[in-house]
Enquirer: 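Here it is, the structure in full.
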Amino acid sequence: MVTRPDFRQHGHATALLRLALQTAWEQNCYKVMLLTSRKDEATLRFYQKAGCETGSKTAFTAKP
């Protein structure tokens with residue numbers, strides 16, 4: 001998900017991510033995986049504050 005700069009810091013993305021997680025748990029999903037290529041601390045903190053944790057899985061990608 002990407003939030004337009006003029007809509008950031010209003011809680012929209014946090015609310016959407018939390019709703020997605022809530023829906024997953026209500027549907028008995030046992031885990032949700034979020035992958036990002038972002039490295040900046042603010043983005044990583046956002047995901048952590050929303051309930052995601054880092055370091056539990058390793059992801060691999062392949063490009064042509």
Enquirer: How long is the gap from CG on Leu34 to OH on Tyr47, to the nearest 0.5 Å?
Expert: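 Rounded to the nearest 0.5 Å, the CG-OH separation comes to 5.0 Å.
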
Enquirer: Not counting sequence neighbours, list each pair that qualifies as a salt bridge (Lys or Arg N to Asp or Glu O under 4.0 Å) and has a residue in residues 5-21.
Expert: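 Sorted pair list: Arg4-Asp6.
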
Enquirer: Output all residues satisfying side-chain contact (heavy atoms from CB on, under 4.5 Å) with Ala13, sequence neighbours left out; order by chain, then residue number.
Expert: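 In terms of side-chain contact (heavy atoms from CB on, under 4.5 Å), with neighbours along the sequence ignored, Ala13 is linked to Met1, Thr3, Phe46.
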
Enquirer: Can you run down the ring-ring contact (aromatic ring centres under 6.0 Å, His included) pairs that involve residues 6-37, sequence neighbours left out, and say none if there aren't any?
Expert: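 Listed once each, the pairs are His10-His12.
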
Enquirer: Check side-chain contact (heavy atoms from CB on, under 4.5 Å) between Lys31 and all other residues, then give those that pass, not counting sequence neighbours.
Expert: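 side-chain contact (heavy atoms from CB on, under 4.5 Å) check on Lys31 returns Met33, Lys57.
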
Enquirer: Between atom CG of Leu16 and atom CG of Leu21, what is the distance when rounded to the nearest 0.5 Å?
Expert: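 Taking CG in Leu16 and CG in Leu21, the distance rounds to 10.0 Å.
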
Enquirer: Step through the shown structure and confirm whether more than 12 heavy atoms of other residues, nucleotides or ligands are within 6.0 Å of CD on Glu53.
Expert: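 Count not over threshold, so no.
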
Enquirer: Glu41 pairs by side chain to side chain contact (heavy atoms under 4.5 Å, CB included) with which of Arg45, Arg38, Lys39?
Expert: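 Considering Arg45, Arg38, Lys39, a side chain to side chain contact (heavy atoms under 4.5 Å, CB included) with Glu41 is found only for Arg45.
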
Enquirer: Does Leu35 have any side-chain contact (heavy atoms from CB on, under 4.5 Å) partners at least two apart in sequence or in another chain, and if so, which?
Expert: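 Residues passing side-chain contact (heavy atoms from CB on, under 4.5 Å) with Leu35: Ala59.
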
Enquirer: Just to verify, what does Ala15 make a side-chain contact (heavy atoms from CB on, under 4.5 Å) with, not counting sequence neighbours?
Expert: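 If we apply the side-chain contact (heavy atoms from CB on, under 4.5 Å) test to Ala15, skipping adjacent residues, there are no hits.
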
